[in-house]
J.: 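To start, I am sharing the structure in question, which I have written as structure tokens.
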Amino acid sequence: MKSVLNGKTVVLGITGGIAAYKTPELVRLLKKAGANVQVLLTDSAKQFVTPTALGTVSENPVLTDIFPKDVQGSWTVHIHLARKASVFLVAPATANTIAKLAHGLADNILTNIYLALPPTVPVIIAPAMDTDMFVHPATQANLEILRQRGHIILPPESGLLASGLTGIGRLPELTAIVDKVNEVVAGAKGDLSGKTILISAGPTREAIDPVRYISNYSSGKMGFALASAAQKRGATVQLISGPVHLSPPVGVDLISVESALDMQTEIENRFIKADVVIMAAAVADYRVKSVSDTKIKKESSAGFELELVKNPDILQTLGKKKKKQILIGFALETDNEIEHARQKLVSKNLDAIVLNKANEPGAGFEVDTNIIRILPATGGIIEFPKALKTELADRILDFCLTLSEKNHV
Ligand code: C5P
């Protein structure tokens with residue numbers, strides 16, 4: 001099979017963690033997959049692995065300085081190399097380098113090249129360090145900044161660490177890193193290019209009066225992850241989102257809405273041109289019948305009744321109108337989940353429904369991970385282990401791609 005890495009340049013930044021001793025083998029595996037590997041080494045990485053070893057296996061000069069002593073006029077090397085990169089991989093990534101990348105410091109060759117990368121170059125970061133450093137709120141906050149920037153964070157594994165302690169922090173298997181590089185480069189090639197994908201995300205807010213509303217706990221993370229992943233894979237993405245606290249994904253057309261009715265208008269306006277529609281939003285089922293123009297005053301009576309009316313089911317309306325579009329819904333169930341999800345799949349005329357586990361740690365609203373199953377209209381259940389929403393977004397898109405190939409959309 002022809003490797004997607006053939007002729008691609010992997011810029012590999014190695015930082016000063018003990019796992020750096022494994023990197024000549026990582027370079028060898030990337031080369032074996034057809035990549036041209038250009039290694040960058042920080043000063044502390046040199047304590048664990050030598051430029052000679054890495055230069056030998058990569059068959060390229062290893063860059064260690066912003067101002068190489070022996071080459072005249074080469075201080076712009078970082079700009080040229082950054083432009084040649086098909087992917088930028090940092091493995092192992094120490095807490096120190098992660099902090100620098102998150103905050104834009106440029107004090108060595110690795111951080112310089114990172115800042116010079118064109119925005120289209122995917123970035124993969126493989127943190128490896130002692131458990132306490134990894135779980136420290138500072139490191140986690142920095143990783144979150146990088147994640148929000150659209151970078152891929154390869155979660156470290158648990159096991160015996162160099163310190164003799166056991167815990168999370170080990171560099172993942174080298175083959176897993178190479179697989180991820182392959183996957184990202186395949187995606188960067190744009191397996192969704194030419195497709196228009198409409199994604200809804202977040203909660204809706206149903207006004208009660210000028211200062212109050214009814215809503216739910218949806219964070220929008222799943223929908224935003226889908227939008228970002230689809231954009232990276234070359235799709236034209238329109239993201240219709242209720243109020244959330246997330247940064248807009250780079251390159252995505254974000255349309256912010258408040259209520260279910262607003263969301264319906266924005267989605268229906270764009271439906272005809274869409275190839276795929278993924279409704280990840282938690283749309284409020286009801287809205288207040290008559291919204292007060294003025295703040296409702298506290299009455300002396302003990303109770304207060306609010307009359308609600310049903311919101312339109314946006315997805316069901318789309319299901320009725322659909323022609324060539326692939327239509328994917330989400331379901332969050334607390335009981336008889338498969339049965340309920342199947343009913344929705346049929347009644348809304350969907351191509352598939354993604355069933356979120358409710359009531360389980362690491363799944364559902366607000367958290368970064370999720371546990372999902374895909375129920376295709378054609379039958380069966382596709383199960384996935386608990387994973388980051390960013391990871392699952394790619395799996396859901398892989399599934400959409402197989403459907404679109406079958407339907408010739
Ligand atoms: O019926 P239920 O609300 O559980 O269905 C969930 C799916 O339907 C989700 O994909 C959600 O975005 C969509 N939905 C909708 N309009 C509503 C309610 C839910 O499009 N009013």
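Counting starts at 1 for both ligands and their atoms, following the listed order.
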J.: Quick test: of every protein heavy atom, which one is nearest to atom 16 (N) of ligand 1, and how far off is it to 0.1 Å?
T.: I314 N, 3.0 Å
J.: Distance to the ring centre below 6.0 angstrom and angle to the axis at most 45 degrees; does that hold for R395 and F384?
T.: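 Negative - R395 is either too far from the ring of F384 or too far off its axis.
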J.: Would G329 count as a polar contact of ligand 1, with the cut-off being nitrogen or oxygen pairs under 3.5 Å?
T.: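 No, there is no polar N/O contact under 3.5 Å.
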J.: From the options N311, L327, D313, select the one whose nearest heavy atom is closest to atom 14 (N) of ligand 1.
T.: D313
J.: Quick one: does P312 get an N or O within less than 3.5 Å of an N or O on ligand 1?
T.: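 So ligand 1 has an N or O lying under 3.5 Å from an N or O of P312.
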J.: Looking only at N/O atoms, are M279 and ligand 1 under 3.5 Å apart anywhere?
T.: yes
J.: For H103, I'd like to know if atom NE2 has over 12 heavy atoms of other residues, nucleotides or ligands within 6.0 Å.
T.: yes
J.: Given that the side chain starts at C-beta and the backbone is N, CA, C, O, which of these parts of A282 lies under 4.0 Å from ligand 1, counting heavy atoms, or is it both or neither?
T.: neither
J.: Just let me know how L332 lines up against ligand 1, side chain, backbone, both or neither, with a heavy-atom cut-off below 4.0 Å.
T.: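 For L332, no heavy atom sits under 4.0 Å from ligand 1.
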J.: Any chance the side chains of N108 and D43 put a donor and an acceptor closer than 3.5 Å?
T.: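 Their side chains do not contain a donor-acceptor pair, so the 3.5 Å distance test is not met.
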J.: Going by an N to O cut-off under 4.0 Å, is there a salt bridge joining K295 and D209?
T.: no
J.: Could you check atom 11 (C) of ligand 1 against the protein and tell me its nearest heavy-atom contact, residue, atom and distance included?
T.: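 I find the closest protein heavy atom is A281 O, 3.4 Å.
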J.: Output, in order, the C-alpha distance, side-chain angles, deciding distance and verdict of side chain to side chain contact (heavy atoms under 4.5 Å, CB included) for I14 and L26.
T.: CA-CA 11 Å; I14 303 173; L26 177 61; over 6 Å; no
J.: Hey, is K344 touching ligand 1 through its side chain, its backbone, both or neither, going by heavy atoms under 4.0 Å?
T.: side chain
J.: Which residue holds the protein heavy atom closest to atom 1 (O) of ligand 1, what is that atom called, and what is the gap in Å?
T.: K348 NZ, 2.9 Å
J.: I'd like to know if E183 and K180 make a salt bridge, using a cut-off of under 4.0 Å between side-chain N and carboxylate O.
T.: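 Salt bridge flag = yes for K180 with E183.
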J.: Starting from atom 20 (O) of ligand 1, which protein heavy atom do you reach first, and at what distance in Å?
T.: L315 N, 2.8 Å
J.: Indicate the ring-plane relationship of Y114 and F88, choosing parallel, tilted or perpendicular according to the 30° and 60° boundaries.
T.: tilted
J.: Please say which of K323, K195, K324 ends up in a salt bridge (Lys or Arg N to Asp or Glu O under 4.0 Å) with D275.
T.: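 Exactly one candidate clears the test, K324.
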J.: Considering heavy atoms of the protein only, find what lies nearest to atom 9 (C) of ligand 1 and give residue, atom and distance to 0.1 Å.
T.: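 I find the closest protein heavy atom is F330 O, 3.0 Å.
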